[in-house]
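Notes for the one structure printed next.
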There are 2 protein chains.
Amino acid sequence: MMKTIHTPHKEMGEKTHDNCLKAMRAVQDSLYVINGKWKLPIIVSLTFGKKRFSEIARDIPKITDRMLSKELQELELNMLIQKVPAEDKKNVVVYELTEYGNTLDPAIQELYKWGTQHREKIKED
Amino acid sequence: MMKTIHTPHKEMGEKTHDNCLKAMRAVQDSLYVINGKWKLPIIVSLTFGKKRFSEIARDIPKITDRMLSKELQELELNMLIQKVPAEDKKNVVVYELTEYGNTLDPAIQELYKWGTQHREKIKED
DNA sequence: CAGCATCCCAAACGATACTG
DNA sequence: CAGTATCGTTTGGGATGCTG
C-alpha cells in the first residue's frame with residue numbers, strides 16, 4: 001500500500017544514480033539532434049510523404065524559407081532526411097525521411113499523443 | 001514488393017493533408033511545453049525519484065542554478081512538477097513529478113531509446 | 001544549502017531582398 | 001519554384017554575486 005502507482009523505467013532500469021546519469025546522457029543526445037523550433041515539425045511533415053520544399057513550407061505554419069532551408073541542411077547532415085529526384089517529373093527534387101530518420105517515429109508518435117491530450121487538457125482551464 | 005518497410009501512423013491516421021496539419025499542431029504543442037535545453041533533463045532526473053534542488057543540479061551536468069531555478073518554476077506552472085515537504089526532515093522541500101508530469105514518461109522512454117542507439121551509431125562514424 | 005537579481009553574450013530566429 | 005545572403009532582433013542561457 002506504499003507502492004507508487006505508475007510504472008516507469010521499463011527501459012531505464014532501476015532507480016539508481018548511475019541509471020539516472022545514463023538516461024540523462026541519452027535524452028540529451030536525442031535533444032541535441034532534434035533541438036530547436038522546427039526540426040521535429042519538418043520530420044512530421046515528411047512522415048506524411050515525400051515533399052517538395054514549398055510543400056513542407058505549407059505544412060508548417062509560420063516557418064520562413066530561411067529556417068526551412070537551414071534546418072533541411074542540418075537534418076541532411078545528420079542523415080535523417082535526404083534529397084531525391086522526384087519519380088515523375090525530371091529536374092525536380094523532393095525531400096524524404098531516410099531509414100534512419102524513420103527510427104524517430106516512435107518518439108514522434110508519443111509526442112503526438114501527448115500533445116493531443118495536452119491541448120485538450122489546457123482547453124479545460 | 002513495392003510496399004514500404006516501416007509502418008508509421010499507427011496513431012496519426014492515414015496520410016492525408018488534414019492529418020498532417022493535425023499532427024503538426026500536436027507535436028508543436030508538446031514542443032512548446034518541453035522546449036529548451038533543460039526541461040526534459042530535469043524531468044528525467046525526477047523520473048528517478050523526488051529530489052532536492054542540489055540533487056537535481058548534480059544529476060544534470062553543466063546546468064546553472066539560475067537555469068535550474070527558472071526551469072523548475074516553468075515546469076511547476078505547467079503542472080508537470082510540484083514542491084512537497086520532505087517526508088523525514090521538516091523544513092526541507094523536494095521536487096517531484098505530478099501525475100500529469102508522469103504522463104510524459106512514454107515520450108521520454110522513446111527519446112531515451114533513440115538517444116541510446118544514436119550514441120552507438122555515431123560512435124561508428 | 002536554496003534560490004533570486006543583475007548583467008551580458010551568443011545563438012536562434014525573423015524580415016526582406018535577391019538569384020538561378 | 002527553390003533556395004541563399006544580409007541584416008536586425010529576440011531570447012535562451014552563462015557568469016557572478018547576493019540573500020535568507
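Here is the naming used below: chain letters follow the sequence lines, and residue numbers restart at 1 for every chain. The structure presented is a predicted model; accordingly, all values stated were derived computationally and were not measured.
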Inset, instruction - Scan side-chain atoms only and decide if A:K15 and A:N19 contain a donor-acceptor pair under the 3.5 Å cut-off. - result: no

Inset, instruction - Please state how far atom CZ in A:R66 lies from atom C1' in C:dA12, giving the value in whole angstrom units. - result: 8 Å

Legend entry - Pair A:E96 + A:K83, salt bridge at N-O below 4.0 Å: no

Legend entry - Atom-to-atom span, CD1 of B:I34 to P of D:dG12 - whole angstrom: 15 Å

Inset, instruction - Can you tell me the distance, in whole Å, between the CG atom of A:N35 and the P atom of C:dA12? - result: 7 Å

Legend entry - Salt-bridge criterion met for B:R58 and B:E55 (N-O under 4.0 Å): no

Legend entry - Under-4.0 Å side-chain N/O to phosphate OP1/OP2 contact, B:S54 with C:dA2: yes

Legend entry - Closest nucleotide among C:dG14, D:dG13, D:dC1 to the A:T64 side chain: C:dG14

Inset, instruction - Hey, can you tell me if B:F53 and B:Y95 have their rings parallel, tilted or perpendicular (30° and 60° cut-offs)? - result: tilted

Inset, instruction - Please work out which residues in residues 36-44 of chain B have a non-hydrogen atom less than 4.0 Å from an atom of DNA chain D and list them by number. - result: B:G36, B:K37, B:W38

Legend entry - Euclidean distance, atom CZ of residue B:R58 to atom P of C:dC1 [Å, nearest integer]: 8 Å

Legend entry - Atom-pair distance (CG on A:L68; C1' on C:dA12), nearest Å: 16 Å

Legend entry - First of B:D65 and B:K70 reached from the 5' end of DNA chain D, by closest nucleotide: B:K70

Inset, instruction - Using only side-chain N and O atoms of A:K83, determine if any of them is under 4.0 Å from OP1 or OP2 of D:dG3. - result: yes

Legend entry - Gap between atom CG of A:L97 and atom OG1 of A:T103 - 0.5 Å precision: 9.5 Å

Inset, instruction - Figure out the CD/P separation between A:Q73 and C:dC13, and round it to whole Å. - result: 15 Å

Legend entry - A:K50 NZ to D:dA2 C1', straight-line distance once rounded to whole Å: 19 Å

Inset, instruction - Quickly work out the B:E76 CD to C:dA2 C1' distance and round it to whole Å. - result: 14 Å

Legend entry - Donor-acceptor under 3.5 Å (B:S30 side chain, A:L111 main chain): yes

Legend entry - Side-chain donor or acceptor of A:K39 paired with backbone N/O of A:E71 under 3.5 Å: no

